[in-house]
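Down below is the structure, laid out as structure tokens.
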Number of protein chains: 4
Amino acid sequence: MVSLNDYGPEVRAEVKQVREVVSSLHEQLLKWNLVVWTAGNVSQRLHTADLMVIKPSGMRYESLTPESMVVCDLNGEKVDGLAEPSSDTKSHAYIYRNMPDVYGVVHTHSTYATAWAATGQNIPCGLTMMGDEFGGPVPAGPFRLIGSEAIGEGVVETLRKYPHSPAVLMQNHGPFTIGKDAEGAVKAAAMTEEVAHTMWAARQIGDIIPISDEDIAKLNDRYQNVYGQH
Amino acid sequence: MVSLNDYGPEVRAEVKQVREVVSSLHEQLLKWNLVVWTAGNVSQRLHTADLMVIKPSGMRYESLTPESMVVCDLNGEKVDGLAEPSSDTKSHAYIYRNMPDVYGVVHTHSTYATAWAATGQNIPCGLTMMGDEFGGPVPAGPFRLIGSEAIGEGVVETLRKYPHSPAVLMQNHGPFTIGKDAEGAVKAAAMTEEVAHTMWAARQIGDIIPISDEDIAKLNDRYQNVYGQH
Amino acid sequence: MVSLNDYGPEVRAEVKQVREVVSSLHEQLLKWNLVVWTAGNVSQRLHTADLMVIKPSGMRYESLTPESMVVCDLNGEKVDGLAEPSSDTKSHAYIYRNMPDVYGVVHTHSTYATAWAATGQNIPCGLTMMGDEFGGPVPAGPFRLIGSEAIGEGVVETLRKYPHSPAVLMQNHGPFTIGKDAEGAVKAAAMTEEVAHTMWAARQIGDIIPISDEDIAKLNDRYQNVYGQH
Amino acid sequence: MVSLNDYGPEVRAEVKQVREVVSSLHEQLLKWNLVVWTAGNVSQRLHTADLMVIKPSGMRYESLTPESMVVCDLNGEKVDGLAEPSSDTKSHAYIYRNMPDVYGVVHTHSTYATAWAATGQNIPCGLTMMGDEFGGPVPAGPFRLIGSEAIGEGVVETLRKYPHSPAVLMQNHGPFTIGKDAEGAVKAAAMTEEVAHTMWAARQIGDIIPISDEDIAKLNDRYQNVYGQH
């Protein structure tokens, strides 16, 4: 079996730094109420080697430390770590192998996003915040069983149809989100739950006013290229 | 009356340790928003004697300490403790006497689980997380008055019909959950509220897509045997 | 004008102690999410004189201290304090004058209780927790403008029709609760919001199963006389 | 380009103080659950010069400090600050130029207020708290794209039709609120979300009882002139 010692100091330095990032981003999942008990997981791909860092399986958030994070290759095989990696590891790996710009993946069972997922519907785009972040609806993905890379395949095939969206609502399961790093994917997970909750609430009180495709395109372009610090 | 001094040092050591566990697990009930004011209770059965440790009755969460936890026998009679035990003690005791693999019991009035309980409906299985943790729907139990072991009887008779579920929604009352220890039962209580909330929300926006019995069985088998650290 | 110096040391000692109690109970309103910004107020009547201690008007929760609590007589006139008392002072005073067993009053605009109040409906009794704490439905009260003792009159006239309930949902306004001390009234406010939320949620998913009057009476009797530490 | 050094010591002193105020009020947005991730912004106009202090664009709440707040003129051009100002800066500036009594502006995407905004409806006035704070319904504003001062125009034209309201629900977007300082606008943002949530919940369980225009006028007059410390 390959071990971290087979990699050079640059890789080992990035592993150390990414373990800290991934561990501390799990606190953001709790902060924004995206997970319960041990559910949910964050990973980040390395830039210096074909490796990723991911949460250990079934471990409570209070127990997570940088050291407990697991290093796997992009086939989902463990390379370093005391614990077993997340059950979703092979699906994270599949996404990294097939989407070369993606360096962060997050999975949660956040309440309202998962409610939409249980009905297999896209969340329609009725908020400027959705134009900004998702460039349209948040798409529903297919039903897939956990454990293999089948979920990752479902995520990738859905995102190819919705190239502006960083999120997929896997049917009867919950959201998977991507980003250019793990922080970006955590942000997308928080935004997914927020728009899922808001659009869910809007549905209960009347007809949601649609936003035109032209306005959605303008919102998305501006947000991706102008918003924030450049 | 029997007292703790009639038990050997091994039992007294386990009592001390279980009092700490049960006391600190009450903080988890607060953390996951499962209880209000003094409602809710956690107990754990001992392995070294036919005893259990349970929350005192009607005491605010801020006041709970390991020392305030009450030791009872498996008929629900107090063996040690300054305070009176929870009103649900006889029902916890009944569950332990009749389900020998159960070493933890939790009761809450968590909002959405109790909303389902007020309508007497099972929560239908529309989430992979429900397949994982409950192996099907979360079952509704009968109406029973508090104070005797009648609630415990209702819990046991319902769980015999739903052998994969660690939770029963007692009609007009709220959820009771079981586990191989108190932590497992608290986890089941947190998961019960989460799936109750998610499935409640899904109901408001469309038809929930059912999961086939075959897929539920696969999910449950994998989660119970593969998930987590082994 | 009367001042605290006209009272003996026993009264001044109780004022000091009750100011601490009332100030710290406002933190419980925040903890259980019953108030926003400056809304809501707690008072407690003294046993040693016809006085009450109440929150100052329109002051943010972060700024509340025992010293900022205002002492008023039972006509709602200020006797001691740097700030102006709550706008609801005359209504609290009316309740104390007309309900001699009441020594605590709380008012909030908690979300779900106020939603019921906006529709002018009683919350029907579909939870054992409601049998316990309210002995039946949580009653709706009349519409009354703020500022005079008109709200207090509406509270008292409603509670006379529902003698087991510690709460009234004032129409278009929000809940008022009573207790044998301020802590009891805060508890009733927390329970009112919890049952309002739960019964609201139950309404969205089906028919709430009623609890028989006989069972409600048994629950209420047991809870008021057996529950807790005696 | 103009810089802060072109202003006198009185202005620079007010800038320093307002940066602290605006920075710390962003914590209140988090405390009352009005924002997710980097969404939302607070500004305050100065009294000593035609300047305003506003949040930097797309920066996480954990990173906000008084020093990171950006100073702009009332055309929205940056005068001082290391970071780029909020995307909404030109709209804040437009509001200050056109509403001379306004010295604080807040924008959030708070969940229930934004749900109403997605349907383009006013929140009807069914709560005494709405009479107090809004003097009637919370008005819906027009659809406007972000980035220019178009949102500010929509806010001002709506508030001219609803002169008692400190809030506008911009269609498909979210609430903008005003105040005599930033704290007042943050308070209005918190109240907007609370009444949006309460009225949303009331809608699900029955008919909301209207409050007469006469009573709304009395409530608003009393709250604006008598409530609080004078």
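Chain A is the first sequence line, chain B the second, and so forth, proteins listed ahead of strands; every chain is numbered from 1.
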- Message: Does either side chain, that of A:Arg222 or that of D:Ser87, offer a donor lying less than 3.5 Å from an acceptor on the other one?
- Response: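 Yes, a side-chain donor-acceptor pair sits under 3.5 Å.
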
Side chain, backbone, both or neither: which part of [X] has a heavy atom under 4.5 Å from chain D?
X	answer
A:Lys218	side chain
A:Glu183	both
A:Ile211	side chain
A:Glu193	neither
A:Asp215	both

- Task: Using non-hydrogen atoms and a 4.5 Å limit, figure out which bit of D:Thr38 sits close to chain A: side chain, backbone, both or neither.
- Result: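 Both backbone and side chain of D:Thr38 come within 4.5 Å of chain A.
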
- Query: Tell me, side chain or backbone of D:Leu30 under 4.5 Å from chain A's heavy atoms, or both, or neither?
  - Reply: side chain

May I ask you to name which of [options] has the most heavy-atom pairs under 4.5 Å with chain D?
options	value
A:Gly131, A:Pro210, A:Gly126	A:Gly126
A:Met199, A:Met191, A:Gln28	A:Gln28
A:Glu194, A:Met130, A:Lys187	A:Lys187
A:Thr128, A:Leu127, A:Asp132, A:Ile205	A:Ile205

Cationic N near anionic O, under 4.0 Å, [X] to [Y]:
X	Y	answer
D:Glu84	D:Lys78	yes
D:Glu62	A:Lys31	yes
D:Arg97	D:Glu149	yes

- Should A:Ile95 and A:Leu159 be marked as a side-chain contact (heavy atoms from CB on, under 4.5 Å) after you check the CA-CA gap, both sets of side-chain angles, and the distance that decides it? CA-CA 10 Å; A:Ile95 296 169; A:Leu159 291 177; 5.8 Å; no

- Item | Aromatic plane relationship, D:Tyr112 with A:His197 - under 30° parallel, 30 to 60° tilted, over 60° perpendicular | perpendicular

- Query: Are A:Gln121 and A:Thr119 close enough, and set up right, to give a side chain to side chain donor-acceptor pair (under 3.5 Å), and what steps lead you there?
  - Reply: CA-CA 6 Å; A:Gln121 298 172 80; A:Thr119 68; 2.8 Å; yes

- Item | Centroid separation A:His92 to A:His107 less than 6.0 Å | no

